[in-house]
Amino acid sequence: MSIPVVDFGAYSINQPDVSDKHLHILSKQLKTAFTEVGFVFLTNTGISHEEVDRVMDISEKFFLQPDELKQPFSRKSFAKVPNHGWVSLETERLNQRRPGDLKEAFNVVSLQPDIKWPSGAVKSFQEIYSPFYLHCKELALRVLRVMAHSLDLDPEVFLSVHRHVGTSENGSTLRSLYYPPVISGEAKKDQLRCGEHSDYGTITLVFQGSEGLQVLSRSGEFIDAPCIPGAVLLNIADLMQRWTSDRFVSARHRVLLPPAGNLRTRQSLAFFVHPDNEALISCCDGSDKYPPITAGDYLIERFKKSYG
């Protein structure tokens with residue numbers, strides 16, 4: 001199995017709309033990818049490699065600061081958006097059978113004006129992150145429209161419950177991930193940079209700075225997800241699998257430790273897309289395969305498991 005590559009240029013964020021012909025083609029390609037693999041590479045999305053590099057550069061500057069300068073921005077220190085902010089090393093454990101993940105993260109959940117942003121050595125943090133967040137949001141909404149079309153559903157079925165992305169009424173999160181060097185022998189038994197897991201929401205956009213990510217195939221084998229410059233790696237998340245009664249597949253994935261002696265860091269960006277908190281998610285085929293649940297309650301359940 002390999003992860004398919006789809007040219008999304010006909011509906012890139014630089015295009016005003018997509019023709020019926022290209023919508024049909026994209027729908028067919030994404031449906032195949034999401035029913036068979038759960039992951040797809042999108043090229044020509046309109047999000048430039050240069051913009052991704054700028055976000056990664058300012059993120060690295062933030063992560064390389066002493067912990068005491070990052071502490072004021074810790075996750076859970078923002079009352080209205082508790083998932084917003086910095087996550088320290090080994091705080092998160094995505095596979096409950098392993099030690100805490102060897103990574104740090106910074107979560108951007110809200111773009112509302114009452115949010116405090118990092119400054120000082122990273123004073124351009126907000127002005128670099130905010131437009132990138134909005135570009136990811138625009139791309140995600142376009143993908144959701146194509147996905148609805150691929151299932152012969154009303155084109156608004158997914159879009160109608162993603163109206164508050166970027167506010168405290170929605171859990172969508174732009175997450176910058178930083179994996180520090182791993183010194184041989186210092187990692188705990190069974191510890192990984194990121195434990196095996198599947199994502200929580202509807203879809204996730206991933207921008208890789210280097211290789212290291214592995215995806216679980218339908219046959220039960222982990223395969224490497226290559227790093228394709230300029231491409232966006234997109235995957236189905238658990239709530240979308242539930243929403244589509246398992247027609248779209250949410251695949252587990254992980255980031256292994258680097259080979260012994262490899263002291264390189266690793267960075268990635270992930271835009272986790274979630275429905276609005278109050279949205280009631282029930283099977284879109286009308287079945288009762290999964291009971292209805294609000295997106296906000298589902299997200300809280302998942303966070304409890306990841307943060308213990």
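Enclosure of atom CD in Gln65 by more than 12 non-hydrogen atoms of other residues, nucleotides or ligands within 6.0 angstrom is indicated.
With salt bridges taken as basic N to acidic carboxylate O contacts below 4.0 Å, none links Glu36 and Arg218. Ion pairing between Arg54 and Glu50 fails under the 4.0 Å rule for side-chain N and carboxylate O. Between Lys80 and Glu169 there is no salt bridge, since none of the side-chain N atoms of the basic residue sits less than 4.0 Å from a carboxylate O of the acidic one. With respect to the salt-bridge test (charged N to carboxylate O, under 4.0 angstrom), the residues Lys103 and Glu90 do not qualify. With salt bridges taken as basic N to acidic carboxylate O contacts below 4.0 Å, one links Arg163 and Glu156. Under 4.0 Å is where a charged nitrogen must lie from a carboxylate oxygen, and between Lys289 and Asp246 at least one such pair does.
In this model, no donor atom of one side chain and acceptor atom of the other lie less than 3.5 Å apart for Asn170 and Thr167. For Ser172 and His164, the side-chain atoms include no donor-acceptor pair closer than 3.5 Å. Side-chain contact of Ser19 with His22: a donor-acceptor pair under 3.5 Å is present, judged by distance alone. A donor atom on one side chain and an acceptor atom on the other are found under 3.5 Å apart for Ser74 and Gln71. Side-chain polar atoms of Gln208 and Arg266 form a donor-acceptor pair below 3.5 angstrom. With no hydrogens or angles considered, a side-chain donor-acceptor pair links Asp224 and Gln214 at under 3.5 Å.
Put simply, the side chain of Ile58 reaches to within 4.5 Å of the side chain of Tyr129, judged on heavy atoms. No side-chain heavy atom of His162 sits less than 4.5 Å from a side-chain heavy atom of Leu159. Within the 4.5 Å cutoff, the side chain of Val6 has no heavy atoms near those of the Thr43 side chain. By the 4.5 Å heavy-atom criterion applied to side chains, Asp67 and Trp86 are counted as neighbours. Using a 4.5 Å heavy-atom cutoff, the side chains of Val157 and Leu144 are not in contact. A 4.5 Å side-chain heavy-atom check between Leu151 and Thr244 finds at least one atom pair inside the cut-off. Counting heavy atoms from C-beta on, the side chains of Val55 and Ser176 never come closer than 4.5 Å. For the pair Gln267/Leu177, no side-chain contact is recorded, criterion being any heavy-atom separation below 4.5 Å from C-beta on.
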Assess the residue pair Phe106 and Phe62 against the criterion (ring pair (Phe, Tyr, Trp, His ring centres under 6.0 Å)); give the C-alpha distance rounded to whole Å, side-chain angles, the decisive distance to 0.1 Å, and a yes or no.
CA-CA 9 Å; Phe106 192 93; Phe62 174 83; 5.1 Å; yes
Would you sort out whether Ser88 and Thr91 count as a side-chain hydrogen bond (donor to acceptor under 3.5 Å, both in side chains), showing the intermediate values?
CA-CA 6 Å; Ser88 59; Thr91 297; 2.6 Å; yes
Chi angles and distances behind the side chain to side chain contact (heavy atoms under 4.5 Å, CB included) call for Thr204, Leu234:
CA-CA 6 Å; Thr204 306; Leu234 192 144; over 6 Å; no
Before giving the answer on side chain to side chain contact (heavy atoms under 4.5 Å, CB included), spell out for Val161 and Leu280 the whole-Å C-alpha distance, their side-chain angles and the decisive distance to 0.1 Å.
CA-CA 9 Å; Val161 292; Leu280 185 66; over 6 Å; no
Kindly indicate, with the supporting measurements, whether the criterion side-chain hydrogen bond (donor to acceptor under 3.5 Å, both in side chains) is fulfilled by Ser287 and Ser245.
CA-CA 8 Å; Ser287 73; Ser245 301; 3.3 Å; yes
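The distance from atom CG of Asn44 to atom CD of Gln15, rounded to the nearest 0.5 Å, is 10.0 Å. Note that the CG atom of Leu174 and the CG atom of Leu269 stand 6.5 Å from one another [nearest 0.5 Å]. Between the OG atom in Ser268 and the OH atom in Tyr179 there is a gap of 4.5 Å [rounded to 0.5 Å]. The distance from the OG1 atom of Thr265 to the CG atom of Asn262 is 9.5 Å, given to the nearest 0.5 Å. Atoms NE2 and CG, from His149 and Leu23 in turn, are 4.0 Å apart once rounded to the nearest 0.5 Å. With rounding to the nearest 0.5 angstrom, the CG atom of Asp53 is 11.5 Å from the CD1 atom of Ile128.
The two residues Leu102 and Pro180 make their nearest non-hydrogen contact at O-CD, 3.7 Å. Heavy-atom minimum distance, Ile203 versus Ile236: CG2-CD1, 4.2 Å. The heavy-atom pair separating Leu94 from Cys194 by the smallest distance is CD1-SG, 3.5 Å.
Neither Phe41 nor Leu26 shares a network with the other; the hydrophobic side chains, linked directly or stepwise wherever heavy atoms of I, L, V, M, F, W or Y lie under 4.5 Å apart, form separate groups for each. Residues Tyr178 and Val108 are members of one and the same hydrophobic cluster, defined by side-chain heavy-atom contacts under 4.5 angstrom among Ile, Leu, Val, Met, Phe, Trp and Tyr. Side-chain heavy atoms closer than 4.5 Å link hydrophobic residues (I, L, V, M, F, W, Y) into clusters, and following such links, possibly through other members, connects Leu141 to Phe158. Hydrophobic clustering places Ile13 together with Val18 (ILVMFWY residues linked when any side-chain heavy atoms are closer than 4.5 Å, directly or through intermediates). Residues Phe248 and Leu233 do not share a hydrophobic cluster, clusters being chains of Ile/Leu/Val/Met/Phe/Trp/Tyr side chains in contact below 4.5 Å.
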If you look only at distance, which donor and acceptor atoms sit under 3.5 Å apart when one is on a side chain in residues 111-127 and the other is two or more places apart or in another chain?
unit_1, atom_1, unit_2, atom_2, d
Gln112, OE1, Ser110, OG, 3.4
Gln112, OE1, Ser168, N, 3.2

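Under the side chain to side chain donor-acceptor pair (under 3.5 Å) criterion, the residue pairs touching residues 227-240 are Ser198-Asp238, Asp199-Asn235, Asp238-Ser250, Asp238-Arg302, with sequence neighbours excluded. Under the ring-ring contact (aromatic ring centres under 6.0 Å, His included) criterion, no residue pair touches residues 272-296, with sequence neighbours excluded.
Every residue meeting the salt bridge (Lys or Arg N to Asp or Glu O under 4.0 Å) condition with Glu196, not counting sequence neighbours, appears here in chain and number order: Arg98, Arg254. Applying the salt bridge (Lys or Arg N to Asp or Glu O under 4.0 Å) rule to Asp57 yields no partners; only residues at least two apart in sequence or on another chain are considered. Applying the side chain to side chain contact (heavy atoms under 4.5 Å, CB included) rule to Asp17 yields the partners Tyr11, Arg145; only residues at least two apart in sequence or on another chain are considered.
Within the 6.0 Å centre-distance limit, the rings of His253 and Phe39 are counted as a close aromatic pair. For Phe271 and Phe207, the ring centers sit 6.0 Å or farther from each other.
Although no hydrogens or angles enter the test, the distance criterion places no donor-acceptor pair under 3.5 Å between the side chain of Thr173 and the main chain of Arg175. Side-chain N or O atoms of Asp276 include none that pairs as donor or acceptor with a backbone N or O of Glu278 at under 3.5 Å. Put simply, the side chain of Gln191 never gets that close to the backbone of Asp101: no donor and acceptor are under 3.5 Å apart. Between the side chain of Arg252 and the backbone N or O of Val215 there is no donor-acceptor pair closer than 3.5 Å. The main-chain N or O of Gly195 is found under 3.5 Å from a side-chain atom of His197 such that the two form a donor-acceptor pair. For Gln96 (side chain) and Lys305 (main-chain N/O), a donor-acceptor pair under 3.5 Å exists by modelled atom type.
The cationic atom of Arg75 (NZ for Lys, CZ for Arg) lies less than 6.0 Å from the six-membered ring centre of Phe303 and within 45° of the ring axis.
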